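Small disclaimer: the values here were computed from a predicted structure and weren't measured. Atom set for the values below is all heavy atoms of this structure, side chains included, hydrogens, waters and symmetry mates excluded. Per chain, numbering begins at 1; letters A, B, ... match sequence-line order.
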There are 2 protein chains.
Amino acid sequence: MNTSERLIQSTRELLWERGYVGTSPKAILERAGAGQGSMYHHFKGKPDLALTAIRRTAEEMRATAEGVLGGPGTPYERIEAYLRRERDVLRGCPVGRLTMDPDVIASDELRAPVDETLDWLRERIAGIVEEGKEQGGFAPDLDGEEVAAAVVATVQGGYVLARASGSPAAFDAGVRGLLSLLGSRTA
Amino acid sequence: MNTSERLIQSTRELLWERGYVGTSPKAILERAGAGQGSMYHHFKGKPDLALTAIRRTAEEMRATAEGVLGGPGTPYERIEAYLRRERDVLRGCPVGRLTMDPDVIASDELRAPVDETLDWLRERIAGIVEEGKEQGGFAPDLDGEEVAAAVVATVQGGYVLARASGSPAAFDAGVRGLLSLLGSRTA
DNA sequence: GTCTATATGACGATAGAC
DNA sequence: GTCTATCGTCATATAGAC
């Protein structure tokens, strides 16, 4: 892996672990095994490198989600598969956690990939719910966008509960709770 | 308000806006209109002041939630009131946001009030769900703890969606989505 | 391209005057 | 109790050698 790529990967890891405000160029360089000069040769500065890293992470998360949501099964099963997919729960969501970062929220450019990713996810799930309504799997009075927002929020909030308690149990409980409500609205 | 109290209030505001890592003693002092000496006279340092501030915020959040959850109405109505209660959605949750702060998670002492508050909230709501099951308002196959986790997660995750998009709409959609699922399980 | 050296200011804390 | 002065370190970036 070349230096530029190592810088991006190190930044992705640190943004996930410590957020934007908590990540210093120095820490990135140490992890990447590079000197100051390399970073400022390949990138304009910390925001530029972070933007590249965030875009990469966002792309990857989208691909992972699509792998489950676009898989086989009924609409309910695909949403269940998304909710139950294996996660490193205590690490939190590498995209969602950035919404708690003041510098990310203050910058339209840094916030954009976060917004686009979560928006895409909600739309994707909303479409699946609508599909389920047509097929008769989901109750026709459900609103796809609303249920999708609840699904994504349960995941994002599940990370919060898990990290607060230091255990993935609360995440899993929330998922089971939502599925128990959703499952009863299926045929 | 005395200096000690001003320091606590300023810290509470900054922790909400910028988190622990993003809040410097200097910023606290400027907002409180105090000098360095005052802070180190009243508190041992940044972690000590932050702990005091977090405990205060946690207490207040608990009281606010109890005001709604302990109010009148059926179990469903009280949970609905909690979910729909007025919030400054784009500011996020002053307690939940701390779970994304690496230094808070790394310190058992700083994490404790966060954990206790969210845990209390889940237990409180779980009890209301169980109450609803006994009264026949909620379907008997529901698990109180699981539904409670889904309720709290929807709120915490709703903040994430709202902040990502820069609009409270996604929070409201998630709440409506969850209520539409929960409402159909009531008598 | 990558490195080290350097600059400027911020971070978190201490010392000691008043 | 509150203030200013000072400290050693880190954050972010630039300069310029190799």
Starting at atom [atom1] of [X], determine the distance to atom [atom2] of [N], rounded to an integer number of angstrom.
| X | N | atom1 | atom2 | result |
| --- | --- | --- | --- | --- |
| F43(B) | dG12(C) | CZ | P | 16 Å |
| K26(B) | dT8(C) | NZ | C1' | 12 Å |
| E30(B) | dC11(C) | CD | C1' | 13 Å |
| Y40(A) | dT6(C) | OH | P | 18 Å |

Problem set entry | Nearest atoms (heavy-atom pairs only) where Y82(B) meets V155(B) |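 So the minimum-distance heavy-atom pair works out to CE2-CG2, 4.0 Å.
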
For this session: Check whether NZ of the Lys or CZ of the Arg R97(B) lies under 6.0 Å from the centre of the six-membered ring of W16(B) and within 45 degrees of that ring's axis.
Result: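 Not flagged: R97(B) not positioned over aromatic ring of W16(B).
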
Problem set entry | Axial cation check for Y20(A) ring with K46(A), 6.0 Å and 45° limits |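 Judged by the rule, K46(A) and Y20(A) form a cation-pi pair.
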
Problem set entry | Pair R56(B) + E5(B): basic N to acidic O under 4.0 Å |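 Counted as a salt bridge, because a side-chain N and a carboxylate O are separated by less than 4.0 Å.
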
Exercise. Taking the side chain as C-beta and beyond, is there a heavy-atom pair between V151(B) and L121(B) under 4.5 Å?
Worked result: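 V151(B) does not reach L121(B) side chain to side chain.
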
Problem set entry | ILVMFWY network linking I105(A) to Y159(A), side-chain heavy atoms under 4.5 angstrom |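 Different clusters: I105(A) never reaches Y159(A) through Ile, Leu, Val, Met, Phe, Trp or Tyr contacts under 4.5 Å.
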
Problem set entry | Along DNA chain D, first and last positions that approach a heavy atom of chain B under 4.0 Å |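 Listed 5' to 3', the contact boundaries are dG1(D) to dT4(D).
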
Exercise. Looking for any heavy atom pair under 4.0 Å, which part of the strands does S4(A) touch: base, sugar-phosphate only, or nothing?
Worked result: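 Here S4(A) touches no strand at all.
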
